[in-house]
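Following: one structure in structure tokens, then a few remarks.
In what follows, chains carry the letters A, B, and so on, assigned in the order in which the sequence lines appear, proteins first and then strands, with residues in each chain numbered from 1.
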Amino acid sequence: MPVDEPPETKQTLLEVNGLSKYFPIKKGVLRKILGQVRAVDDVSFAIYEGETLGLVGESGCGKTTTARCIMRAMDPTAGEIMFRKASGDMVDIAALPEREMRPLRREIQMIFQDPYGSLNPRMNILDILGESLLVIGGMTDREERSERVAELLRLVGLRPEYMQRFPHAFSGGQRQRIVIARALALNPRLVVADEPVSALDVSVQAQVLNLMLKLQQELNLTYLFVAHDLSVVKHICDRVVVMYVGKIVEVAPTQALYEKPKHPYTAALMSAVPVADPRQRAAMTPLEGDVPSPANPPSGCYFHPRCPYAVDICSQQQPALEEGAPGHFVRCHRAAELSLSGIGDLDRPQTVASASSSDAGVGPIG
Amino acid sequence: MNPDHILSVRDLKTRFLMDEGTAKAVDGVSFDVSPGQVVGIVGESGCGKSVTIKSILGIVQKPGEVVGGEILFRQRGNGAAAAEMVDLAKLDGRGKEMRAIRGSDIALIPQEPMAALSPVHTIGNQLVEAVRLHQDVSKRRAEELAIERMTEVGVPNPAERMSMYSWELSGGLRQRVMIAMALSCSPRLLIADEPTTAIDVTTQAQVLRLLRGLQQNHGMAIIFITHDLGVIAQVADYVVVMYLGRVMETGPVDDIFHNPQHPYTRALLESIPSVHALSREPLPTIEGSIPHPFNRPAGCPFAPRCVAAMPGKCDRRTPKPTQLNGGQSVSCFLHNDAAEED
Ligand SMILES: Nc1ncnc2c1ncn2[C@@H]1O[C@H](COP(=O)(O)OP(=O)(O)OP(=O)(O)O)[C@@H](O)[C@H]1O
Ligand SMILES: Nc1ncnc2c1ncn2[C@@H]1O[C@H](COP(=O)(O)OP(=O)(O)OP(=O)(O)O)[C@@H](O)[C@H]1O
Ligand code: SF4
Ligand SMILES: [Mg+2]
Ligand SMILES: [Mg+2]
């Protein structure tokens, strides 16, 4: 399992360097550009072959925009997206013209959140799954396509007889299996899944998560798993990237992140997860305030207006993303001195230095 | 009706008559609410949670109709006189009596705050109107009360927000305004339909804490609807577990989570990934999917997906709710042979 291996022994499949995506804010008939929404702002991370990398954060933090840039469903404003081709060579797909991008499209596939919206209601399953086999895979023989579709349906646990049916005849969980089958049709190496189970009922969500784990092992897939449910992410991911207002605030192996988060925002996110146990009612000292707009982020550390540990420097200087422990990156001025609680540790967060008088008044606020 | 209860729903049946068939959206639901209690109704999509509360509020729309059962509600008594009881199921949803109850005794926090707030009137106007609907006060006094309410629900700079529109507020603030609105009549029963489903976890934590605090300060009862077992565990005193229009199990929150008796409750609890569980282990699942409401199975609705189903019994007859020790009640033949007659 990649979790225990040092990062050096792992082969990088995708490396994102300084990725940014700005959307212009336009106004008036002249569409004058008034400013920029910095949806993704100087983001860097790597995905290793065979692992599941989680991308978490609250609504609007830039998860989908990051995923869509990697898919080249939109052009990044700046940055590199290095992808290792099957031949072993790395190419920067951020700036690749569509003609050169096309052969790579089969290697990077996407699973969307909404299993209702992403399937054409007027096409049957054979045509839905056969479409990319034909268009991108160049599989012109109808017989061959239908055999491959049958194989794909079996792979995701559906009966091959279902291929004549239309999407409306399937439940939400079955539709998500079809979406997964479509993503796997061309034997991709990287699957970008944007909230793949968020729209599903609990009893069906477990089936789809198990399926994704099984397929990963059988087909040696690499996943970028976008989600906001921290329990689901903990269950399925090897490493996790936490974003806040378009920036990465923390990257760490899953276990380390959940046991000992190093960024105050990560710790706050975790303490806000409602635990399904009435004997563990949270102390409920939630974060105050709202997530700032990426069009107008605060000065210094974007989290400082809500951070219980903020000191003067936090509003003046933006902290850098630094590697505090091997493979554990944090963007916080005080990362080294803070000792934060993860999930399951219900003690109130405390600072290591809080005993010292110089630190008086810096503890958590209610 | 038990004198301890403010609301007693008995064998409620609500159907939707459509060309394709009849959807038994709510099919014999019973539960009670005591004053000051938080009752959580939990269940997967389409199990009838929203239709249940719409039935209570008398706002089920055609082609839906309450076709059976009682909804006994204890109205505010005058002084020492015994409080009066009404069967809401017998009232005309658009009638004067029901409208009065909806406005002053029972309030709703709807799932979609954006849809419930008017985009063309300021927050202040809407709050003032809500206050004056229930209290005969001057406009100025109503404004003061509105600002008080906004302060109470933690809206920063409430006086300034009075002149803002709902679309100018963040999701969390909008939900707080909805709560302020619902509180403006000092209800004794507050119904919240998935009040935190559309908002982020950190905002959800704020709203849950707020509701818990308000419940304690005002002593009102709350019916809290959600599909999130985590949220239920955090807020409810008493839990009603629904599946396909029926109640599978009810009981005190600790029993539901630590001593679940119905196979559906057990399977549901096992299938959620826990932050404490081992990563990457396959999760226990419930086979199959929720049947379409037109295609309801015979007998126990959970029988086709239940690992403990007894062929010849569970797929033929519908189990009756059985009272267990300690306030738990379960509808399952593993606990009692008694079936409902059809
Ligand atoms: N096409 C667009 N034009 C302008 N702004 C956009 C566009 N797409 C996204 N944004 C903005 O970029 C920011 C990031 O959006 P994004 O969809 O990536 O967030 P997300 O993390 O996926 O959120 P969610 O959890 O709600 O899906 C948001 O502030 C959003 O409003
Ligand atoms: N307007 C309607 N017309 C027809 N059928 C309806 C209507 N509203 C509800 N139903 C039926 O009633 C059943 C219960 O719906 P309800 O909205 O109560 O579910 P719910 O438990 O609130 O689900 P969710 O978690 O998705 O909100 C649905 O399966 C549906 O078939
Ligand atoms: S840099 Fe300062 S404000 Fe930002 S998270 Fe760290 S302590 Fe908080
Ligand atoms: Mg998104
Ligand atoms: Mg509902």
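Heavy-atom distances place the side chain of Ile290(B), and not its backbone, under 4.5 Å from chain A. Heavy-atom distances place the backbone of Pro284(B), and not its side chain, under 4.5 Å from chain A. Proximity to chain A (any heavy atom under 4.5 Å) is shown, for Ala267(B), by neither the backbone nor the side chain. Contacts between Glu270(B) and chain A at a heavy-atom distance below 4.5 Å are absent for every atom of the residue.
To the nearest 0.5 Å, atom OG1 of residue Thr203(B) and atom CG of residue Leu287(A) are 9.0 Å apart. Rounded to the nearest 0.5 angstrom, Leu208(B) CG and Arg281(A) CZ are separated by 10.0 Å. Here the CD atom belonging to Glu287(B) is positioned 10.5 Å from the OG atom belonging to Ser203(A), to the nearest 0.5 angstrom.
When atom types are taken as modelled, the side chain of His235(A) and the backbone of Glu281(B) share a donor-acceptor pair closer than 3.5 angstrom. Using modelled atom types, no side-chain atom of Gln207(A) and backbone atom of Thr285(B) make a donor-acceptor pair closer than 3.5 Å. Formation of a donor-acceptor pair under 3.5 Å by the Asp200(B) side chain with backbone atoms of Glu58(A) is not found in this model. Side-chain atoms of Asp201(A) do not come within 3.5 Å of backbone N or O of Glu44(B) as any donor-acceptor pair. Judged purely by atom type and a 3.5 angstrom limit, Arg279(A) has no side-chain atom pairing as donor or acceptor with the backbone of His258(B). The closest donor-acceptor contact from the side chain of Gln206(B) to the backbone of Gly289(A) lies under 3.5 Å. Of the possible polar contacts, one joining the Gln234(B) side chain to the Gln280(A) backbone as a donor-acceptor pair under 3.5 Å is found.
Of the listed residues Ser231(A), Pro278(A), Ala272(A), Ala206(A), the one with more heavy-atom pairs under 4.5 angstrom with chain B than any other is Pro278(A). Residue with the most contacts toward chain A among Gly154(B), Pro156(B), Pro282(B): Pro282(B) (heavy-atom pairs, distance under 4.5 Å). When each of Ile236(A), Val232(A), Asp277(A) is checked for heavy-atom pairs under 4.5 Å with chain B, Asp277(A) comes out on top. For the options Ile232(B), Leu173(B), Asp254(B), heavy-atom pairs under 4.5 Å to chain A are most numerous at Asp254(B). Ranking Gly46(B), Gly288(B), Gly230(B) against chain A, the residue ahead of the rest is Gly230(B), based on heavy-atom pairs under 4.5 Å.
Counting heavy atoms from C-beta outward, Pro273(B) and Leu209(A) have side chains that approach closer than 4.5 Å.
Ser271(B) and Gln205(A) form no side-chain donor-acceptor contact under 3.5 Å, judged by distance and modelled atom types alone.
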